[in-house]
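Here's the structure we're looking at; comments come further down.
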Amino acid sequence: MSFFGKTNILLVGMPGAGKSTVGVLLAKDMSMNFLDVDVYIQGHESRRLQDIIDNDGIDTFKELEEKYLRDINVSSYIISTGGSAIYSKPGIDHLKQTSVVVYLSINLETLKERLGDFSTRGVVIKPGQTFLDLYEERCKLYTEAADLTLDCNGKSQDEIVAEIRSTLKI
């Protein structure tokens with residue numbers, strides 16, 4: 001299956017935007033494989049993302065994330081990135097070679113409701129940076145990387161899957 005000459009769909013967006021949930025549903029619906037990059041990193045590192053951040057720091061985590069993003073060479077996959085993957089231009093550019101990039105956009109209020117205490121979710125946030133600052137910084141990067149931006153506010157996961165299929169004509 002090809003999407004504008006690409007064989008994968010890469011989902012990007014903020015933590016809590018629904019990338020993993022939508023990714024699993026989309027993969028099932030399209031009979032494709034699914035890869036959650038956060039789970040991929042945790043499996044290779046044998047520890048949780050938050051443990052890596054807490055014990056080794058944000059910079060080390062970002063280096064590991066970039067390494068693993070660049071190691072991914074798959075075809076016919078739905079790939080769900082971690083929210084911070086967007087900071088790795090080399091990693092995203094590597095995946096863009098074989099993937100159409102879909103940005104799952106969601107408003108700040110909904111994210112805050114979904115995330116609750118994001119300090120336990122492995123969210124990469126600089127010391128002193130507010131969640132609003134993080135949101136604004138990342139939204140710009142997601143938009144720049146995306147081939148397709150979907151407004152996911154007020155939509156169910158099934159509606160988002162249907163919209164991705166419809167927009168990509170699959």
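Note that the numbering runs from 1 along the sequence shown for the chain. This one's a predicted model, so the numbers in the text were calculated from it and none came from an experiment.
- Every residue meeting the salt bridge (charged side-chain N to carboxylate O under 4.0 Å, His left out) condition with D71, not counting sequence neighbours, appears here in chain and number order: K67.
- By the side-chain contact (heavy atoms from CB on, under 4.5 Å) test, T143 pairs with Y103, sequence neighbours left out.
- Remark: D133 engages no residue in a salt bridge (charged side-chain N to carboxylate O under 4.0 Å, His left out) (not counting sequence neighbours).
- Residues passing the side-chain contact (heavy atoms from CB on, under 4.5 Å) test with E144 are K140, L141, sequence neighbours excluded.
- E66 is linked by a salt bridge (charged side-chain N to carboxylate O under 4.0 Å, His left out) to nothing, counting only residues two or more places apart in sequence or in another chain.
- Applying the salt bridge (charged side-chain N to carboxylate O under 4.0 Å, His left out) criterion to R70, with sequence neighbours excluded, gives no partner residue.
- Nearest approach of N8 to S76, heavy atoms of both residues: OD1-N, 3.0 Å.
- For the ring-ring contact (aromatic ring centres under 6.0 Å, His included) test, residues two or more places apart in sequence or in another chain that qualify with Y68 are Y40, H44.
- Note: the hydrophobic cluster containing V39 does not contain I86 (ILVMFWY, side chain heavy atoms under 4.5 Å, direct or indirect links).
- For residues 12-34, the set of pairs meeting the ring-ring contact (aromatic ring centres under 6.0 Å, His included) definition, not counting sequence neighbours, is empty.
- Annotation: side-chain contact (heavy atoms from CB on, under 4.5 Å) contacts of N73 (sequence neighbours excluded): H94.
- Minimum heavy-atom separation, N55 to R47: CB-NH1, 4.4 Å.
- A pairwise comparison of heavy atoms in A145 and I92 identifies CB-CG2, 4.2 Å as the closest pair.
- Every residue two or more places apart in sequence or in another chain that forms a side-chain contact (heavy atoms from CB on, under 4.5 Å) with T110 is listed here: I106, N107, R114, N153.
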key: side-chain contact (heavy atoms from CB on, under 4.5 Å) between L108 and M14, intermediate numbers included   = CA-CA 10 Å; L108 185 62; M14 289 293 290; over 6 Å; no
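- Identified under the salt bridge (Lys or Arg N to Asp or Glu O under 4.0 Å) test for residues 77-93, with sequence neighbours left out: K89-D93.
- The list of salt bridge (Lys or Arg N to Asp or Glu O under 4.0 Å) pairs with a residue in residues 15-32, not counting sequence neighbours, reads D29-R165.
- Side-chain polar atoms of S88 and E65 form no donor-acceptor pair below 3.5 angstrom.
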